[in-house]
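Here is the structure we will look at, set down as structure tokens.
Quick note: numbers below take in every heavy atom, side chains included, and nothing from hydrogens, waters or symmetry partners.
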Amino acid sequence: MSRDTIAAVATGAGRAGIGIVRVSGPDVARIAQAVTAQALAPRVATHLPFLDADGSALDVGLALRFVAPHSFTGEDVLELQGHGGPAVLDLVLARVLALGARPARPGEFSERAFLNDKLDLAQAEAVADLVDASGAAAARAAVRSLDGAFSSDVHAVLDAIVGLRVWLEAALDFSEEDIDFLADPELGARAASLVEKLDTLLARSAQGRRLRDGLTVVITGRPNVGKSSLLNALAGADSAIVTDIAGTTRDVLREDIVLDGVPLHVLDTAGLRESEDAVEREGIRRARAALASADHVLVVLDASDPVLLAVELPDALPRTVVLNKRDLVDADTLAGVARGQTDTVVAVSAHTGDGMVALRERLLDVAGHDAAIEGVYLARRRHLDALEEARDAANDALARLADGVMPELAAEELRRAQQALDRITGRFDVEDLLGRIFADFCVGK
């Protein structure tokens, strides 16, 4: 339990109807008595003036006191809810600091909630994600994480790992017995089930990360197929220069778009072809580098001249084929071109806007928009890293059990998987990581 008392303005910067000064720590009762001249009843909103040292009123509002451990931080907490003018809030905060509190660090209230077992680490991060949510889908997903949905799924997998470790290590301890527990097919079946659960959790978390951080979409294709026109149509603005001259786009152009609350980072790249022009070659190099960071690729073909790219894209790169200039071909020709593609095809005309609704719906599907409404939670890059490490370790454990060589290494891989998942919810003591996480929070959270 912390020994000092912290305080901060817990509402956003600027003018507002209501502003809140939050205080947490052992001196809350004394500070509340000094500021309100009353002994506040716990969990009761009391309307009164907030008093300066000379007894004059700084503001008039509601005061609420929460007694440990029944508060957000798990400590005694005071909230002074007054008018939202910055000058007024600064006066109230200065009064609280003069009474012995110190300014809170960014995220320190949530950090104390974590340290006092009011939230696990994934839930604490969800507090900041909810504040920063870019749309309704991300906000709903953040609330699920805050309610513990993500943590619950992680703990379910952890329980499966622990159960498998107990079985495996018991079998190793009694390896000299007549019964060969390691030969039980149930052991391998449980290991395979564990890998499947981790794959599912990783896939759902990847969707959650896209909702939180946005989907990076790279538009690629040969020169003059309408990539820049497509970017402008998606953005609803003339972000890119469009001409009939092949190779107009020389650099990577980025446009941030929000579709139904889902952030999309759309990158328009130089046309991929062989070129003797030094500037265009640099643009093509940057285009290929952008592909390496893509979550999804829109491969644009000219419906009237559907020549494939001169370079191969990585097989693992998710993509959608966009047949642009559909207004220049008849329906039969368009259907024939679409049948020749192995990837999902959307036919559009960036010039007329025909088909753009279908393309936007396709991008929302890729971003997991519908899944967010039904149950996906937000996740961060560090969560994905931990899940990938756990999945790889579980796969290695399954391989060790399958070949029967040095099964004790399977137990070690399961321990590694457990440690990786423990990092998500905070069952560890790494102060540097905690500092980085909570430093990203706003002050007052």
Query raised in the report: Is there a side-chain contact (heavy atoms from CB on, under 4.5 Å) between F72 and S24 once you walk through the steps?
Result: CA-CA 9 Å; F72 173 70; S24 180; over 6 Å; no
Report task. Could you check H383, H155, Q123, R204 and say which one makes a side chain to side chain contact (heavy atoms under 4.5 Å, CB included) with F150? Result -> H383
**Report entry** For S151 against A122, the heavy-atom pair lying closest together
**Finding:** OG-CB, 3.7 Å
Query - Shortest non-hydrogen contact between L194 and A394, atoms and distance - result: CD2-CB, 4.1 Å
Query raised in the report: Between L40 and A63, which heavy-atom pair has the shortest distance, and what is it?
Result: CD1-CB, 3.8 Å
Query raised in the report: Which distance, rounded to the nearest 0.5 Å, do you find between the CG of L119 and the CD of E111?
Result: 12.0 Å
Report task. Determine whether more than 12 heavy atoms belonging to other residues, nucleotides or ligands lie under 6.0 Å from atom NE2 of H265. Result -> yes
Requested in this report: For G25 and E75, work out which heavy atoms get closest and say how close.
Outcome: N-OE1, 3.5 Å
Query raised in the report: Would you call R112 and E108 a salt bridge, taking side-chain N to carboxylate O under 4.0 Å as the test?
Result: yes
Query raised in the report: Judged by modelled atom types alone, do S56 and D54 share a side-chain donor-acceptor pair under 3.5 Å?
Result: yes
Query raised in the report: Got more than 12 heavy atoms from elsewhere within 6.0 Å of CZ, R30?
Result: yes
**Report entry** Inter-residue atom distance L198.CG - N395.CG, 0.5 Å rounding
**Finding:** 8.5 Å
Query - salt_bridge(D153, K197) N-O dist < 4.0 Å - result: no
Query raised in the report: Taking 4.0 angstrom as the limit, do R391 and E388 come out as a salt bridge?
Result: no
Report task. Examine R95 relative to F50 and say whether NZ or CZ is less than 6.0 Å from the centre of the six-membered ring and inside a 45° cone about the ring axis. Result -> no
Requested in this report: Of all the heavy-atom pairs spanning A7 and A101, show the shortest one and how long it is.
Outcome: CB-CB, 4.0 Å
Query raised in the report: Are Q419 and R423 linked by a side-chain donor-acceptor pair shorter than 3.5 Å?
Result: no
**Report entry** NZ/NE/NH1/NH2 to OD/OE distance under 4.0 Å, D354 and R326
**Finding:** yes
Query raised in the report: In Å and rounded to the nearest 0.5 Å, what is the NZ to OG1 distance from K227 to T220?
Result: 7.0 Å
Requested in this report: Tell me yes or no: between the side chains of T344 and T320, is some donor less than 3.5 Å from an acceptor?
Outcome: no
Report summary line: Of all heavy-atom pairs linking A233 and A350, the shortest is CB-O, 4.0 Å
Query raised in the report: Quick one: do D295 and R209 make a salt bridge, cutoff under 4.0 Å?
Result: yes
Query - Neighbour count above 12 (heavy atom, 6.0 Å) for E196 CD - result: no
Query raised in the report: Looking at CZ of R381 and CG of L384, how far apart are the two atoms once the value is rounded to the nearest 0.5 Å?
Result: 4.5 Å
Query - Heavy atoms of other groups near H351 NE2, more than 12 under 6.0 Å - result: no
Query raised in the report: Under a 4.0 Å N-O cut-off, is there an ion pair linking E125 with R382?
Result: yes
Query raised in the report: Would the number of heavy atoms belonging to other residues, nucleotides or ligands and lying under 6.0 Å from CZ of R102 be above 12?
Result: yes
Query raised in the report: Salt bridge between D132 and R212, side-chain N to carboxylate O under 4.0 Å?
Result: no
